[in-house]
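As the structure is a prediction and not an experimental result, all values here were calculated from the model. Quick note: numbers below take in every heavy atom, side chains included, and nothing from hydrogens, waters or symmetry partners.
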Amino acid sequence: MSLRVSEVVIDCVDHGRVVEFWAAALGYERRTVNEQYVALVPPAREPGRPPLLFQVVPEPKAAKNRVHLDFRAPVMAEEVARLVQLGATVIAERSLGDFAWTVLADPEGNEFCVAGE
């Protein structure tokens, strides 16, 4: 099978805060594509770090995401605290057996999860 993920597209009302948040959160570089799209790309290609493409849409987020990003961090609590300082909001803390994760939202309300390694 030759199908692969080329980028992850995230809708937003305005590129401003949400692009700044994700650039700081991931250490990605901003590349303006046009008025509708801004890309964030990792400084070097590596597995688990796909480019993100932010698409301006007219309507704000209205319901839970049908697809979301999951991240792993060496120390979940420290990473969650860092993301909150950057502008994320903690939505919930979850666990399933010994596996725990935190559900957060970016400045435009797009959910994502952070778990420990």
Side-chain angles (χ1 to χ4, degrees):
M1 180 67 61
S2 60
L3 189 63
R4 61 185 175 82
V5 175
S6 63
E7 66 259 336
V8 176
V9 180
I10 299 173
D11 290 352
C12 60
V13 174
D14 178 34
H15 292 129
R17 286 185 55 216
V18 73
V19 171
E20 290 174 18
F21 169 80
W22 284 108
L26 298 172
Y28 279 22
E29 299 169 358
R30 180 186 174 124
R31 303 254 166 80
T32 299
V33 177
N34 56 37
E35 290 179 5
Q36 187 173 5
Y37 294 97
V38 170
L40 290 179
V41 297
R45 287 192 174 264
E46 60 184 282
R49 292 180 54 89
L52 302 180
L53 186 63
F54 294 86
Q55 172 181 319
V56 171
V57 296
E59 69 282 346
K61 182 179 167 297
K64 184 181 182 304
N65 295 8
R66 296 290 301 260
V67 174
H68 68 268
L69 300 173
D70 282 350
F71 296 98
R72 295 288 182 111
V75 181
M76 182 179 70
E78 289 176 8
E79 187 61 28
V80 168
R82 184 182 77 85
L83 294 166
V84 168
Q85 286 184 329
L86 292 173
T89 303
V90 173
I91 302 297
E93 294 183 3
R94 306 265 192 238
S95 65
L96 191 58
D98 291 337
F99 183 70
W101 68 97
T102 301
V103 181
L104 299 106
D106 71 17
E108 286 221 356
N110 299 302
E111 295 96 357
F112 63 98
C113 297
V114 176
E117 292 184 336

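- By the 4.5 Å heavy-atom criterion applied to side chains, Met76 and Thr102 are counted as neighbours.
- Minimum interatomic distance between Ala25 and Arg82 (heavy atoms only, all atoms of both residues): O-NH2, 2.6 Å.
- Cluster membership for Leu83 and Leu69, using ILVMFWY side-chain heavy atoms within less than 4.5 angstrom, is shared.
- Taking Ile, Leu, Val, Met, Phe, Trp and Tyr as members and joining any whose side-chain heavy atoms lie under 4.5 Å apart, directly or through other members, the hydrophobic cluster of Met1 also contains Leu3.
- Looking only at distances, no side-chain donor or acceptor of Tyr37 sits under 3.5 Å from a matching main-chain atom of Val56.
- Between Pro107 and Gly87, the shortest heavy-atom distance links the atoms CG-O, 3.9 Å.
- Using a 4.5 Å cut-off on side-chain heavy atoms (C-beta onward), Leu52 and Leu26 make contact.
- By the rule that hydrophobic residues join a cluster once side-chain heavy atoms approach within less than 4.5 Å of another member, Val80 and Leu86 end up as members of one cluster.
- Counting only heavy atoms from C-beta outward, the side chains of Trp101 and Leu96 approach each other to under 4.5 Å.
- For the pair Lys64 (side chain) and Arg66 (backbone), a donor-acceptor distance under 3.5 Å is absent.
- Contact record, Pro60 with Val13: CA-CG2, 3.5 Å, taken as the closest heavy-atom pair.
- Not a single salt bridge (Lys or Arg N to Asp or Glu O under 4.0 Å) links Arg94 to another residue, sequence neighbours left out.
- For the pair Pro51 and Tyr28, the tightest heavy-atom approach, listed with the atom from each and the gap, is CA-CE2, 4.3 Å.
- For Leu40 against Ala23, the heavy-atom pair with the smallest separation is CD1-N, 3.5 Å.
- Contact detail for Val8 and Pro50: the closest heavy-atom pair is CG2-CG, 4.2 Å.
- Looking at Lys61 and Asn110, their side chains come closer than 4.5 Å, going by heavy atoms from C-beta outward.
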List the atom pairs, with distances to 0.1 Å, where a side-chain N or O of residues 14-22 and a protein N or O form a donor-acceptor pair under 3.5 Å, not counting sequence neighbours.
| from | atom 1 | to | atom 2 | distance (Å) |
| --- | --- | --- | --- | --- |
| His15 | NE2 | Gln36 | O | 3.2 |
| His15 | NE2 | Phe54 | O | 3.3 |
| Trp22 | NE1 | Asp106 | OD2 | 2.9 |

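- A distance-only check finds a donor-acceptor pair linking the side chain of Glu111 to the backbone of Asn65 [under 3.5 Å].
- The salt bridge (Lys or Arg N to Asp or Glu O under 4.0 Å) check on Glu46 picks up Arg49, with sequence neighbours excluded.
- When side chains are defined from C-beta on, Thr89 does not count as touching Leu104, because their heavy atoms never get closer than 4.5 Å.
- By the salt bridge (Lys or Arg N to Asp or Glu O under 4.0 Å) test, Glu108 pairs with no residue at all, sequence neighbours left out.
- With contacts defined as side-chain heavy-atom distances shorter than 4.5 Å, the pair Gln55/Cys12 does not qualify.
- Val75 and Phe71 are not part of a single hydrophobic cluster, where members link through side-chain heavy atoms under 4.5 Å apart.
- Ala73 pairs by the side chain to side chain contact (heavy atoms under 4.5 Å, CB included) definition with Glu79, Val114, not counting sequence neighbours.
- Surrounding CD of Glu35 are at most 12 heavy atoms belonging to other residues, nucleotides or ligands under 6.0 Å away.
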